[in-house]
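Below is one structure; the comments refer to it alone.
Here is the naming used below: chain letters follow the sequence lines, and residue numbers restart at 1 for every chain.
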Amino acid sequence: MTALKLSDEIEQKIAQMWPRFPEDRVRKVLCLPVLYMASQQFGRVDEAVIRLVAERLELPPAHVRGVATFYTMIETGEVGEFHLQICTNIGCMLEGAYDVLEHCKKRLSIEKNHGTSPDGKVTVSEVECLAACGFGPVAQIAQKGKPDIPLYFEKLDEARMDQIIDALCEGRVPVELGV
Amino acid sequence: MPVAETKIVSARFDDPDAKEIDAYERSGGYRAARKAVRMDPAEIAAEVKASNLRGRGGAGFPTGVKWGFVPKDADTVYLVVNADESEPGTFKDRHILFWDPHLLIEGMICASRALRVKNAYIYMRGEMMREYQVVQRALDQAYAKGYLGRRIFGSDMDLDITIYRGAGAYICGEETALLSSLEGGRGWPRLKPPFPAVKGLFGKPTVVNNVETIANCGFIVEHGGAAFAALGTERSGGTRLLSVCGHVERPGVYEVTMQTTGRELIEEVCGGIRGGRKVKGVIPGGVSMPVLLPDELDVPFEFDALQRDERIREVEVHPGRKFDLGGGRTLRTMAGSGGVVVMDETTDMTRALWRILHFFHDESCGQCTPCREGTGWLVSVAKRIAFGAGKPGDVELLADIADGIAGNTICALGDAAAWPTLAFLTKYRDEFQAKIPKGRAAVQAPATAAGANV
Ligand SMILES: Cc1cc2nc3c(=O)[nH]c(=O)nc-3n(C[C@H](O)[C@H](O)[C@H](O)COP(=O)(O)O)c2cc1C
Ligand code: SF4
Ligand code: FES
């Protein structure tokens with residue numbers, strides 16, 4: 001087994017942020033950004049990643065674990081290659097978000113409001129308000145082990161959702177549909 | 001005129017060039033910052049106080065007064081911009097961040113001068129990936145021009161601005177939770193006092209302000225506090241950015257005058273209700289604020305009016321028993337975060353309340369028992385009512401649970417769950433009662449419907 005190593009991007013981030021915080025506090029401050037980037041680098045944060053981050057920042061693993069489990073964007077469970085996150089909060093609900101969610105679940109044979117398609121490709125989750133409520137229903141997509149996809153997929157209906165799912169099943173993020 | 005003639009925070013919306021520092025400067029940008037760095041800090045603080053600027057993040061607290069709480073002899077003061085925007089229905093700060101990042105940076109320079117801040121932070125919602133890239137690029141441009149860093153604009157002032165990204169937790173928008181998160185821990189709220197202005201980030205005096213609040217500071221420095229105050233009402237200066245979602249013809253983000261009523265907002269600004277249908281309810285400031293009935297919409301959507309205007313009914317715990325906000329004060333509604341949710345006559349109010357409570361239960365940090373247990377209980381009762389399996393007495397039960405949470409928690413998330421519950425029950429009581437099966441139907445299995453399977 002090769003030893004895990006934090007990416008150069010993470011080391012750069014540490015170097016950039018370090019001087020912006022008090023010297024005696026900065027290790028703890030960096031815990032969240034480093035965990036988030038590590039979650040992207042390794043696809044999820046498991047015990048080995050927690051230990052790696054704890055060691056690098058000289059923090060107790062229990063602290064790092066506590067932070068990792070608090071924030072939903074730090075992936076600690078198993079997810080598919082793509083993670084389709086659909087807002088069903090009030091603004092999007094009024095625009096039919098639950099119908100769109102049900103449609104996705106049906107197409108991908110997912111039972112609960114958080115689950116992964118049987119082929120392990122797409123995870124669908126119901127998420128909370130994404131601050132785009134006037135353009136709902138809104139979704140965001142994450143790709144395992146890849147950097148942020150800085151797009152929202154807005155005004156979704158079943159037809160648009162089908163286009164998104166078709167693309168994901170082909171193994172690509174339909175960036176042309178996002179804003 | 002409901003739409004503001006003087007646009008302070010939305011002037012550059014929809015202009016893709018405005019993100020570039022040169023275009024921003026060509027349209028008058030960084031004039032206020034150049035002026036501020038050569039002003040006496042106390043003078044800027046006095047202008048902000050005179051401007052009647054009130055916080056746009058939720059509580060509407062006067063910004064100048066908040067700044068005044070920072071001890072004068074403090075060696076280190078921090079400014080933290082709250083860009084965590086996640087109160088459902090609210091999407092205005094994201095527009096400022098995306099369309100006019102330099103306006104925020106300029107406001108931060110002015111505020112930092114007033115507060116003698118050398119390190120300022122933007123705590124930005126993790127999900128805002130597009131906005132993060134835009135604001136980071138704008139910061140890089142400002143550094144390259146010498147508008148940030150050492151001796152900015154050739155003055156004696158140093159200022160660093162750093163973005164810190166959240167990672168998915170609504171509670172981190174609450175200012176003390178935000179500071180816990182920014183210090184690198186779990187986003188747990190802390191008891192106040194001490195208030196952040198006295199003991200905040202890393203134990204130092206810290207001013208936490210909303211994106212829109214700070215974005216107004218450049219105008220105040222450039223044109224003076226009196227000019228800003230003159231745009232508003234007696235105690236609320238300037239204009240307001242509202243985000244409108246739901247069943248209107250034109251949802252979106254609008255800068256309106258403080259005098260604009262809910263009805264003008266819907267009819268004139270947003271083109272009315274879709275399909276010629278009728279309005280049934282309007283949440284004026286994010287889902288934690290009490291909902292308004294159609295006959296309560298002729299009130300200006302402004303801080304004082306929404307709180308005090310007698311045309312808005314007082315929220316009750318049970319019919320005839322008014323909810324006590326503490327000290328005998330009653331609750332009508334509040335301006336909150338400016339997130340307006342418009343619901344037409346087809347809306348099932350029991351479903352709307354269930355979804356709101358589902359959110360607060362999900363986002364409770366779990367530190368206080370009344371909030372952790374109470375929101376769980378609220379959502380299960382609201383859910384069974386919404387999906388047709390309510391029991392006799394459930395409406396009273398919901399109200400009692402909400403009343404038991406309100407005022408008994410560390411942070412205001414508990415109230416944020418309790419207030420809408422009581423308001424929905426006060427105003428749509430018959431609809432909730434009617435949803436509860438009577439007699440034999442009451443023991444039948446619940447209907448399954450889209451969304452029930454959570
Ligand atoms: C549960 C909860 C969530 C909040 N979320 C936000 C938020 O996302 N953005 C924000 O600016 N203020 C939010 N606030 C209000 C902040 O605590 C704080 O009052 C505000 O940032 C102060 O800035 P202002 O005075 O400029 O409004 C929230 C408050 C609570 C209780
Ligand atoms: S009120 Fe709720 S969210 Fe706030 S501290 Fe208590 S448990 Fe956490
Ligand atoms: S309710 Fe879906 S983005 Fe706000």
Side-chain angles (χ1 to χ4, degrees), chain A residues 16-17 19-22 24-33 35-36 39 57 59 63 66-67 69-74 85 87-95 97-99 101-102 105 111-114 126-136 140 147-152 178-179, chain B residues 76 85-94 119 121 125-133 160 162 164-170 172 181-188 202 243-247 251-253 283 287 339 341-344 347 351-352 355-356 359 362-363 365 449-451 453-454:
Chain A
Q16 278 165 8
M17 290 186 79
R20 299 291 179 87
F21 293 89
D24 57 335
R25 302 286 195 140
V26 66
R27 286 180 184 77
K28 213 179 133 198
V29 166
L30 287 170
C31 182
L32 179 54
L35 268 174
Y36 178 64
S39 158
L57 296 175
L59 292 169
H63 176 80
V67 173
T69 51
F70 188 83
Y71 296 93
T72 55
M73 287 173 68
I74 295 174
Q85 300 155 59
C87 171
T88 56
N89 211 309
I90 186 98
C92 292
M93 177 177 111
L94 295 174
E95 302 283 7
Y98 275 111
D99 295 333
L101 176 70
E102 289 304 318
K105 285 161 63 182
E111 271 174 32
K112 296 255 170 180
N113 287 6
H114 172 88
E126 168 189 35
V127 296
E128 298 299 356
C129 176
L130 290 168
C133 330
F135 320 108
Q140 208 172 20
D148 293 342
I149 300 163
L151 294 171
Y152 278 2
V179 285
Chain B
T76 306
E85 186 170 67
S86 32
E87 169 81 9
T90 316
F91 52 107
K92 65 182 181 73
D93 295 339
R94 192 166 153 261
N119 270 295
Y121 304 100
R125 226 190 131 163
E127 289 87 344
M128 292 189 191
M129 298 167 179
R130 185 183 73 154
E131 290 66 29
Y132 166 64
Q133 294 182 349
D160 280 312
T162 309
Y164 193 86
R165 297 180 62 196
Y170 163 73
C172 291
S181 177
L182 178 50
E183 289 175 355
R186 284 186 263 205
W188 274 353
F202 310 126
S243 62
V244 188
C245 70
H247 298 135
V253 181
I283 301 173
V287 296
V341 182
V342 181
M343 296 173 280
D344 74 14
T347 311
R351 286 287 295 273
R355 187 61 187 80
I356 290 169
F359 168 74
D362 250 18
E363 300 293 340
C365 85
N453 176 16
V454 213

Side chain / backbone / both / neither for [X] at chain A, heavy atoms under 4.5 Å:
X        : value
B:Val342 : backbone
B:Glu127 : both
B:Asp362 : side chain
B:Glu363 : side chain
B:Arg94  : side chain
B:Val244 : backbone
B:Leu182 : both
B:Thr90  : backbone
B:Tyr170 : neither
B:Thr76  : neither

Hey, what do you get for CG (A:Leu101) to SG (A:Cys92), rounding to the nearest 0.5 Å?
11.5 Å

To the nearest 0.5 Å, tell me how far A:Gln140 CD sits from A:Gln85 CD.
5.5 Å

Output the option from [options] having the highest count of non-hydrogen pairs under 4.5 Å with chain B.
options                               : value
A:Asp24, A:Thr72, A:Ile149            : A:Thr72
A:Val179, A:Val67, A:Asn89, A:Leu32   : A:Asn89
A:Cys133, A:Gly91, A:Cys129, A:Gly134 : A:Cys133
A:Cys87, A:Ala132, A:Gly66, A:Ala131  : A:Ala131

What pair of heavy atoms forms the shortest contact from B:Gly184 to B:Tyr164, and how long is it?
CA-OH, 3.8 Å

So B:Thr162 and A:Gln16, do their side chains get closer than 4.5 Å, heavy atoms only?
no

4.5 Å side-chain heavy-atom contact, A:Asp148 and B:Arg165:
yes

Return the option, out of [options], with the maximum number of heavy-atom pairs under 4.5 Å with chain A.
options                               : value
B:Glu85, B:His247, B:Gln133, B:Met343 : B:His247
B:Ala352, B:Cys365, B:Gly339          : B:Ala352
B:Ser243, B:Ala169, B:Ser86, B:Gly187 : B:Gly187
B:Ala167, B:Pro251, B:Cys172          : B:Ala167

Output, in order, the C-alpha distance, side-chain angles, deciding distance and verdict of side-chain contact (heavy atoms from CB on, under 4.5 Å) for A:Leu59 and A:Lys28.
CA-CA 7 Å; A:Leu59 292 169; A:Lys28 213 179 133 198; 4.2 Å; yes

Evaluate side-chain contact (heavy atoms from CB on, under 4.5 Å) for A:Tyr98 paired with A:Glu126, printing each intermediate quantity in order.
CA-CA 9 Å; A:Tyr98 275 111; A:Glu126 168 189 35; 2.6 Å; yes

With only heavy atoms counted, which part of A:Leu151 is less than 4.5 Å from chain B, the side chain, the backbone, both or neither?
neither

Given heavy-atom pairs under 4.5 angstrom as the criterion, report whether the side chain, backbone, both or neither of A:Val127 touches chain B.
backbone

What residue among A:Val29, A:Leu30, A:Val26, A:Leu35 forms side chain to side chain contact (heavy atoms under 4.5 Å, CB included) with A:Leu57?
A:Leu30

Pair B:Ile283-B:Ile356, side-chain contact (heavy atoms from CB on, under 4.5 Å): steps then yes or no:
CA-CA 11 Å; B:Ile283 301 173; B:Ile356 290 169; 4.1 Å; yes

Would you please name every residue forming a ring pair (Phe, Tyr, Trp, His ring centres under 6.0 Å) with A:Tyr152, sequence neighbours left out?
none

Assign the ring pair B:Tyr121 / A:Phe21 to parallel, tilted or perpendicular, where the plane angle (0 to 90°) is split at 30° and 60°.
parallel

Starting from the C-alpha separation in whole Å, work towards a yes-or-no answer on side-chain contact (heavy atoms from CB on, under 4.5 Å) for A:Tyr71 and B:Ser181.
CA-CA 10 Å; A:Tyr71 296 93; B:Ser181 177; 2.9 Å; yes

